[in-house]
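Structure first, then comments.
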Protein chains: 2
Amino acid sequence: MTQATIRDVARRAAVSVASVSRALNGAANVHPDTRARVIAAADALGYVPHAGARSLSLARSHAIGVVLPDLHGEFFSEIIRGLDREASARGYHLLLSNIQDGRDHVIQALRAVRGRVDGLVVMAPHVDPAALAAMLPGSLPKVMINTPASKGGSTLRVDNRGGAEAITRHLLDIGRRHIVHIAGPANNSDARERYEGFKAALPQRADVHVLEGDFTEPSGAAAIAELLARKVPFDAVFAANDMMALGALQALREAGRRIPEDVALAGFDDVPLARYLSLTTIRVHMADIGTRAAARLIASVEAKDEEPTDELIVPALIVRGTTVREP
Amino acid sequence: MTQATIRDVARRAAVSVASVSRALNGAANVHPDTRARVIAAADALGYVPHAGARSLSLARSHAIGVVLPDLHGEFFSEIIRGLDREASARGYHLLLSNIQDGRDHVIQALRAVRGRVDGLVVMAPHVDPAALAAMLPGSLPKVMINTPASKGGSTLRVDNRGGAEAITRHLLDIGRRHIVHIAGPANNSDARERYEGFKAALPQRADVHVLEGDFTEPSGAAAIAELLARKVPFDAVFAANDMMALGALQALREAGRRIPEDVALAGFDDVPLARYLSLTTIRVHMADIGTRAAARLIASVEAKDEEPTDELIVPALIVRGTTVREP
DNA sequence: CTGTTAGCGCATTCAC
DNA sequence: GTGAATGCGCTAACAG
């Protein structure tokens with residue numbers, strides 16, 4: 001048997017579809033008897049309102065579109081978890097639309113959700129912000145995560161620069177002077193900002209090496225291998241994310257370097273593994289970002305007058321055993 | 001300016017809405033000139049089709065609903081990642097609908113997605129399978145993950161029982177005879193099945209203790225604390241999941257027990273942490289399950305005649321340093 | 001090849 | 001308090 005529609009319910013209750021709609025949506029002007037009959041009929045038929053039709057009629061979907069890259073590791077999940085938590089608490093659903101690299105996919109993703117969602121949460125670190133702004137549907141409320149510029153939408157950003165500065169200062173504070181930075185991909189804005197923070201914290205005359213990784217564990221190990229091969233002297237490593245730091249950690253240990261005595265090591269993100277391996281890092285609480293993004297978006301969906309805001313989230317320095325010998 | 005509709009495009013291109021629809025959807029019967037004019041007009045207006053209206057008309061949403069509990073740890077994310085990967089590869093979106101414990105939420109979640117999705121992936125380990133089957137809309141194709149019974153839907157299950165048996169046999173093989181099981185919550189079917197596998201692998205006369213945890217790390221540590229307090233002798237621990245095993249690992253080390261010499265320890269799931277901490281465990285590749293679930297669901301959405309199938313996924317035993325001293 | 005018309009399922013005026 | 005009609009935006013017959 002096919003799903004019952006509002007018309008089936010109306011027929012069975014011997015009322016009009018209008019009354020069914022009113023009765024089921026809790027409108028005031030419905031006679032108690034009518035409401036009872038309607039509910040009984042709906043019940044008997046196992047009627048469930050067709051959300052698609054409903055949102056077409058109301059011009060409101062109670063869904064928010066989430067456009068994210070296919071992030072590896074915990075990020076993806078943490079953001080989604082945060083988004084979902086807030087969204088479902090406020091009666092919204094999440095429509096996921098993942099993207100690979102490349103503008104075309106972003107456009108596709110954005111187009112695909114039009115008419116299905118009331119707002120958009122977009123995170124596209126590898127896409128040029130201006131291009132992004134241009135292709136975003138102007139009418140839809142949106143929140144951008146970690147997007148430098150913003151036009152007509154709210155923005156939520158992690159203070160990558162500040163975090164990188166803090167961690168670099170920490171390395172200096174514990175007396176390290178030959179600091180190596182394993183950077184992320186050059187086309188990634190998080191990576192760039194962290195690199196900038198790193199440079200900003202260093203004194204002019206500092207002895208510095210920078211290698212580029214790709215945010216993966218092997219690339220962290222590879223960077224260390226290269227340093228060792230080139231016999232570069234160093235007493236500290238700041239990797240642009242935890243996964244690379246973990247790769248570096250492994251490689252350093254295998255090379256017989258003591259951590260933190262010979263080499264102090266720090267990452268960025270504070271993935272769950274970091275705690276277990278006692279990695280000094282910067283805690284970026286992505287779930288929290290998701291929650292805030294959803295909250296902000298829903299606010300601007302429900303009150304059209306909301307001002308776009310830009311929020312900068314300052315992550316915390318977490319000092320652990322890879323930079324300071326633990327008790 | 002508000003979003004352009006198909007009618008705006010039709011007006012600007014001086015054709016009917018039908019022609020616009022045909023032109024934009026690549027129908028054969030459209031004069032090249034007409035198509036060109038339509039595309040130009042759509043372009044100029046920044047027209048994006050309204051997916052909601054489209055799916056109402058087509059009775060096809062190209063979206064699949066995902067009903068999952070608010071899983072902690074990697075599970076949640078891995079399943080979603082797998083689902084999303086397959087879904088987006090085949091042109092489908094994911095509509096997330098998380099649930100807490102309790103049937104009411106499940107019902108809510110299920111109702112909320114009706115008319116928005118072409119099929120459902122449901123995972124609700126804490127809900128009685130029969131009750132679940134009863135409340136699921138009969139018409140919608142669905143795939144159930146880790147649900148013992150199945151009625152009118154495909155099923156994808158991890159062989160919890162087999163995995164638990166394998167790991168228990170492994171503990172016996174390495175000579176352990178006093179094996180403790182830290183079980184999961186009694187109302188969780190995964191937990192029950194793992195417990196059953198554990199019992200099945202043991203000889204009749206085995207010396208066995210079973211404690212109940214709640215799948216969290218602290219509960220694993222608490223179980224060990226209790227064992228030690230009660231001075232129960234044991235030389236092996238099989239925890240029903242990795243997180244509890246990790247809690248146990250911590251607690252055992254703090255108590256001065258050597259792993260694996262004094263106590264062999266095994267978990268279940270193979271979360272990323274397990275590899276790092278060299279935990280013997282059972283590998284459950286959740287992303288893979290997600291991928292298969294999506295593939296199966298989409299197949300049955302696109303070909304109504306698909307037979308419901310039940311697939312049992314056999315997880316692999318991964319032996320690591322917590323049961324066998326590594327080279 | 002193209003335009004007209006009739007729904008998809010629901011909420012909502014506007015009369016009664 | 002209730003029903004009949006209109007439209008949300010789009011696609012799919014059905015005629016021309």
What is the distance, to the nearest angstrom, from the [atom1] atom on [X] to the [atom2] atom on [N]?
X       : N       : atom1 : atom2 : answer
R37(B)  : dC1(C)  : CZ    : P     : 14 Å
L56(A)  : dT12(C) : CG    : P     : 13 Å
R111(B) : dC10(C) : CZ    : P     : 11 Å
H31(B)  : dG3(C)  : NE2   : C1'   : 16 Å
N29(A)  : dC16(C) : CG    : C1'   : 14 Å
R116(B) : dC8(C)  : CZ    : C1'   : 15 Å

- Query: Can you name the one residue among S300(B), S55(B), S61(B) that meets side-chain hydrogen bond (donor to acceptor under 3.5 Å, both in side chains) with D118(B)?
  - Reply: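 Among S300(B), S55(B), S61(B), the one that satisfies the side-chain hydrogen bond (donor to acceptor under 3.5 Å, both in side chains) with D118(B) is S61(B).
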- State whether R81(A) and D84(A) are salt-bridged, where the test is any N-O pair (Lys NZ or Arg NE/NH1/NH2 against Asp/Glu carboxylate O) under 4.0 Å.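 No, this pair does not count.
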- Quick one: do R292(A) and D288(A) make a salt bridge, cutoff under 4.0 Å?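 So R292(A) pairs with D288(A) through a salt bridge.
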- Message: Around atom CZ of R7(B), are there more than 12 heavy atoms from other residues, nucleotides or ligands closer than 6.0 Å?
- Response: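 No, not enclosed.
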- Task: Report which part of the nucleic acid T34(A) touches: base, sugar-phosphate, or nothing (heavy-atom distance under 4.0 Å, all strands).
- Result: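 The residue T34(A) makes sugar-phosphate contact but no base contact.
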- Note on the structure: In B/S/- notation (B base, S sugar-phosphate only, - none; protein heavy atoms under 4.0 Å), nucleotides 10-16 of chain D written 5' to 3' is BBBB---
- Task: Using the side-chain contact (heavy atoms from CB on, under 4.5 Å) rule, take R60(B) and E302(B) through it: C-alpha gap first, then chi angles, then the decisive distance, then the call.
- Result: CA-CA 10 Å; R60(B) 218 61 167 37; E302(B) 299 189 339; 3.7 Å; yes
- Compare side-chain N and O positions of S16(B) against OP1 and OP2 of dT4(C) and report whether any pair is under 4.0 Å apart.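 No, outside the criterion.
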- Item | Side-chain donor/acceptor of H93(B) to backbone N/O of L96(A), under 3.5 Å |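 Confirmed, H93(B) side chain pairs with L96(A) backbone.
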